[in-house]
Colleague: 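Shown below is the structure under consideration.
All ligand and atom numbering here is 1-based and tracks the order in the structure. Nothing here was measured: the structure is a model prediction, and the numbers come from that model.
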Amino acid sequence: MKRLLFFLMLVLSSYPLLSQKSEQIINVDGRINISLNGAWQIIIDPYENGYYNYRRLPDPGGYFLNIKPHNKSERIEYNFDASETLNVPGDWNTQKEKLFLYEGTVWYKKSFDYKKKNNTRVFLYIGAANYEAITYFNGEKLGEHVGGFTPFNFEVTGKIKDGENFVVVKVDNKRLREGVPTLNTDWWNYGGITRDVKLIETTQTFVRDYYIQLKKGSTNQINGWIQLDGKNLGQKVHLQIPEAGIDGLVTTNEHGFGEINLDANLILWSPQNPKLYDVIVKSEEGEIKDKIGFRSIETRGSGIYLNGRRIFLKGISIHEEAPVRSGRANSVEDARKLLGMAQELGCNFVRLAHYPHNEYMIREADKRGILVWSEVPVYWTILWENKPTFENASNQLEEVITRDKNRAAIVLWSVGNETPRSEPRLEFMKKLAEKARSLDPARLITAATEIHYIDPKTIMTDDPLGQYLDVLGCNEYIGWYDGLPAKADSIKWVSAYDKPLVISEFGGDAKFGYHADSLTVWSEEYQENLYTHQIKMLKKITNLQGMSPWILMDFRSPRRPLPGIQDFFNRKGLYSNLGEKKKAFYILRNFYNSEFTTK
Ligand code: GCU
């Protein structure tokens with residue numbers, strides 16, 4: 001009878017109605033947390049046999065139960081503990097040769113011991129899993145998450161036991177027409193639990209979320225809010241910035257929400273002085289600490305102003321790939337390497353393409369004073385008229401803004417990249433822009449739009465999406481997909497907007513170490529020549545306020561097979577995938593160190 005009841009409970013709990021994703025918890029590393037990183041046992045499951053029965057119906061007795069035979073006659077056709085492992089965090093493609101091109105489901109299982117504590121709530125946090133994850137705890141379904149680049153968490157307080165517990169995650173990286181991104185991308189579809197997994201311990205009522213930034217347009221007023229989570233929601237919460245002599249009181253309402261409005265005399269964050277303050281939010285049961293920079297970012301006509309001073313964004317685009325190993329970057333060491341390479345190039349700005357990067361990148365940019373363009377993977381031919389697709393994009397945007405809204409480094413939220421113009425696309429992206437603005441009024445909204453010619457020598461930037469953006473990003477490939485490098489010399493640019501223009505992409509491929517004359521494609525000299533002509537052209541654009549050429553480092557792409565040259569790498573990097581500098585690196589660095597960009 002007991003086994004029947006246990007089985008019934010499991011059957012019920014495996015259906016979505018009983019699963020709950022808890023509200024996103026921010027600043028996880030500022031909290032008490034236990035890492036579940038390391039080796040996880042896995043089962044590669046291309047037919048999703050661990051989820052569906054042979055009639056393709058959800059199987060209540062799936063792999064997520066992690067059950068063992070009770071006697072010699074019991075037949076169980078899987079065994080995590082006898083299975084191979086994958087490291088978490090980490091994409092599976094670069095960990096196992098047989099998974100290099102794999103697209104499908106991999107089951108992950110981690111067992112761990114836990115000692116329950118009084119008056120403590122426990123949450124399971126996953127930094128990212130690409131693309132669709134279903135998470136189970138001690139055999140019970142917690143919930144689902146869609147989107148490969150944003151965090152999610154589940155409360156497990158009532159489920160975690162003294163002694164051994166286990167987590168099972170079904171990760172499926174199949175590309176979907178209705179997905180975000182959709183089927184076609186120019187980057188590798190790295191699958192897996194690609195970022196940290198942790199248990200977070202909190203008090204019964206705790207500070208779950210907060211927004212602490214300068215009020216838009218101000219440099220001496222802190223604006224924002226605090227959100228408690230728990231039962232004791234009406235509290236007097238202290239917001240302290242000791243170094244600035246601030247100890248403000250925030251009264252939270254019956255929903256645990258309290259607004260912040262404080263005068264503040266602060267040293268402003270900037271590339272020259274990336275000042276971060278220790279900020280403490282103290283509620284009745286505990287406190288959370290964070291390091292927050294305060295700065296203002298705004299546009300005036302075609303200028304971008306940081307702390308009231310015009311700034312030229314000397315940038316570079318970056319994919320989330322680690323140098324040398326070329327797998328998904330996921331650590332503070334990877335972040336230090338990539339941002340160090342960008343700073344060596346003379347950058348004060350990075351475009352983190354084409355999806356939210358890991359939180360280490362953003363916090364490292366905070367520390368280094370590097371401005372950041374953060375982007376959701378609304379990329380190319382999204383299914384604009386499919387409501388669940390919009391909900392998915394909107395949810396990913398909300399999750400990255402929730403996670404990173406206190407990071408001074410982030411100055412631009414991008415709602416997408418190089419999307420073909422149409423009414424449905426305009427409606428879709430306009431709504432995303434409005435959503436970003438409502439979630440975070442203190443930052444600028446942008447997107448990488450596409451150019452078009454109004455005559456053979458004149459390029460127009462007039463994407464209708466531009467009316468909803470603060471900064472017009474735009475990609476162009478003169479000298480690569482569009483003519484030879486010298487074509488740039490005769491091109492004029494006009495804009496339909498009196499808004500700042502950031503050339504969010506230009507560039508061309510070069511195989512490191514391949515040398516020839518400047519018109520031999522794939523040579524370093526060709527790429528060097530392209531950059532020379534591009535920069536000469538771009539300097540003539542009156543509303544140019546920045547650029548993020550494509551791209552810092554060669555990166556894997558299934559769309560780039562050319563043997564001996566690409567070998568499934570996009571070679572537009574100024575560094576090779578092994579971190580070697582190409583000749584064009586020095587062209588861009590000289591420009592970034594010139595008077596034009598530092599005036
Ligand atoms: C596009 C796209 C990039 C792509 C690049 C290229 O502009 O935004 O994701 O990698 O061009 O073709 O190399």
Colleague: Hey, are Asn37 and Asp196 close enough side-chain-wise for a donor-acceptor pair under 3.5 Å?
Modeller: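 Per modelled atom types, Asp196 and Asn37 side chains form a pair under 3.5 Å.
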
Colleague: In the protein, what heavy atom is nearest to atom 12 (O) of ligand 1, and what distance, to one decimal place, separates them?
Modeller: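 For atom 12 (O) of ligand 1, the nearest protein heavy atom is Tyr481 OH, 2.5 Å.
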
Colleague: Does Glu450 come within less than 4.0 angstrom of ligand 1, counting non-hydrogen atoms of the residue?
Modeller: no

Colleague: Have a look at ligand 1 and work out which part of Asn417, if any, has a heavy atom under 4.0 Å from it: side chain, backbone, both or neither.
Modeller: side chain

Colleague: Indicate, as side chain, backbone, both or neither, the part of Asn570 found under 4.0 angstrom from ligand 1 when only non-hydrogen atoms are considered.
Modeller: side chain

Colleague: Would you indicate which of Trp187, Tyr379, Tyr477 comes nearest to atom 5 (C) of ligand 1 when only heavy atoms are counted?
Modeller: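 Heavy atom nearest to atom 5 (C) of ligand 1 belongs to Tyr477.
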
Colleague: Hey, mind stepping through Met429 and Asp463 against side chain to side chain contact (heavy atoms under 4.5 Å, CB included) and telling me if it holds?
Modeller: CA-CA 12 Å; Met429 296 183 80; Asp463 189 321; over 6 Å; no

Colleague: How close does the nearest protein non-hydrogen atom get to atom 2 (C) of ligand 1, and which residue and atom is it?
Modeller: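 Checking every protein heavy atom, the shortest distance to atom 2 (C) of ligand 1 gives Glu505 OE1, 3.4 Å.
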
Colleague: At less than 4.0 angstrom from any non-hydrogen atom of Asn475, what atoms of ligand 1 do you find?
Modeller: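 Taking each heavy atom of Asn475 in turn, ligand 1 has 7 (O), 8 (O) under 4.0 Å.
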
Colleague: Ignoring hydrogens and geometry beyond distance, is a side-chain donor-acceptor pair present between Ser557 and Asp186 at under 3.5 Å?
Modeller: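 Their side chains do contain a donor-acceptor pair, which is all the 3.5 Å distance test asks for.
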
Colleague: Short list, please: which atoms of ligand 1 are under 4.0 Å from a heavy atom of Lys572?
Modeller: 6 (C), 12 (O), 13 (O)

Colleague: Looking at ligand 1, would Trp480 count as a contact under a 4.0 Å heavy-atom criterion?
Modeller: no

Colleague: Does a salt bridge link Asp29 with Lys198, judged by any charged N lying under 4.0 Å from a carboxylate O?
Modeller: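 Answer for the salt bridge query: yes.
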
Colleague: Near Phe555, which atoms of ligand 1 are under 4.0 Å from a heavy atom of that residue?
Modeller: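 In order of number, 10 (O).
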
Colleague: Have Tyr477 and Glu505 got a donor and an acceptor in their side chains that come within less than 3.5 Å?
Modeller: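 Side-chain D/A pair, Tyr477 to Glu505: present.
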
Colleague: Taking the ring of Phe506 and the ring of Tyr531, is the distance between their centroids below 6.0 Å?
Modeller: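 Ring centroids of Tyr531 and Phe506 are less than 6.0 Å from each other.
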
Colleague: Of the backbone atoms (N, CA, C, O) and the side-chain heavy atoms from C-beta on, which set of Arg571 has a member under 4.0 Å from an atom of ligand 1: side chain, backbone, both, or neither?
Modeller: neither

Colleague: How close does the nearest protein non-hydrogen atom get to atom 10 (O) of ligand 1, and which residue and atom is it?
Modeller: Asp186 OD2, 2.6 Å

Colleague: Does one side chain, of Thr520 or Asp517, offer a donor that lies under 3.5 Å from an acceptor on the other?
Modeller: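 Distance-only check passes for Thr520 and Asp517.
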
Colleague: In terms of atom number and element, which parts of ligand 1 are under 4.0 angstrom from non-hydrogen atoms of His354?
Modeller: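 Contacts of ligand 1 toward His354, numbered from 1: 3 (C), 8 (O), 9 (O).
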
Colleague: Examine His357 together with His319 and report whether their ring centres are nearer than 6.0 Å.
Modeller: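 For His357 and His319, the ring centres are not under 6.0 Å apart.
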
Colleague: Tyr379 and Tyr355: aromatic ring centres closer than 6.0 Å?
Modeller: no

